[in-house]
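Here is the structure we will look at.
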Amino acid sequence: MTDAATREFDLSPPTDDQLEALAADLDADERRVLLQHGTEAPFCGVFLDEKRAGVFTCRLCGLPLFTGGTKFESGTGWPSFGQPLAKEHLRYIRDSSYGMVRTEIVCARCGGHQGHVFPDGPPPTGERYCINSVSLAFTPTGEPLPDKLGRGAPEGEPWPE
């Protein structure tokens, strides 16, 4: 496989039937966050302390979103990343809920809510992608990426070192 950042993933959305099947695999908390744009409580997510090499994928459709090497400890209580694997893997939406203006990020392929991005992250981007653990799945380096939509390579192939 080529370098992770240059791989081409199929970003076309799942069909309604595929989305329904993917959503049926979610528990109540995952459904509330991914499909209803909720948030998980701080300091309780399963990926808060994840430090292994690998890639974080969308829990709903399996699209790779962040690499382990861009994760950092922000002290906010949610997994934080300095940049996405590829900007086109996320959609950025103005969010003016709760009396503040933020930028919501959702999976560009399935629309699953991931979290928010803020302009207070570390160099080189200065961005902090604050993500809900329940919105993510993790594939360690060397293990195959999920291929939840049956689209084939690079999905289903091992994540490179």
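Worth saying up front: this structure is predicted, and the values here are computed from it rather than measured.
Under the 4.5 Å side-chain heavy-atom criterion for grouping Ile, Leu, Val, Met, Phe, Trp and Tyr, Leu22 is connected to Leu35 within one hydrophobic cluster. In this structure, Leu90 is a member of the same hydrophobic cluster as Phe9, with clusters built from ILVMFWY side-chain heavy atoms closer than 4.5 Å. Hydrophobic cluster membership is shared by Tyr92 and Leu11, with clusters built from Ile, Leu, Val, Met, Phe, Trp and Tyr side chains linked at under 4.5 angstrom.
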inquiry  = Let's go through Arg128 and Glu73 carefully: what are the C-alpha distance in whole Å and the side-chain angles of both, what is the deciding distance for salt bridge (charged side-chain N to carboxylate O under 4.0 Å, His left out) to 0.1 Å, and is it a yes or a no?
reply    = CA-CA 10 Å; Arg128 174 175 52 93; Glu73 176 54 54; over 6 Å; no
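Panel note: side chain Asp147, backbone Gly152; a donor-acceptor pair is recorded below 3.5 Å. With hydrogens and angles ignored, the 3.5 Å screen pairs a side-chain donor or acceptor of Glu50 with a backbone N or O of Arg52. Judged by distance alone, with hydrogens and angles left aside, the side-chain atoms of Ser80 form a donor-acceptor pair with the main-chain N or O of Trp78 at under 3.5 Å. A donor-acceptor pair under 3.5 Å is absent between the side-chain atoms of Thr57 and the main chain of Leu63, judged by distance alone. Ser135 places a side-chain N or O within donor-acceptor distance of the main-chain N or O of His113, the cut-off being under 3.5 Å.
Applying the side chain to side chain contact (heavy atoms under 4.5 Å, CB included) rule to Arg32 yields the partners Asp29, Gln36; only residues at least two apart in sequence or on another chain are considered. Applying the ring pair (Phe, Tyr, Trp, His ring centres under 6.0 Å) test to Tyr129 and every residue at least two apart in sequence or in another chain returns Phe66.
Two rings, from Phe56 and Phe47, have their centers less than 6.0 Å apart.
Comment: Lys87 engages Glu127 in a salt bridge, judged by a side-chain N to carboxylate O separation of less than 4.0 angstrom. The pair Arg59-Glu40 does not count as a salt bridge, with every side-chain nitrogen at least 4.0 angstrom from each carboxylate oxygen.
For the residue pair Ser12 / Asp10, a side-chain donor-acceptor distance below 3.5 Å is found, with atom types taken as modelled.
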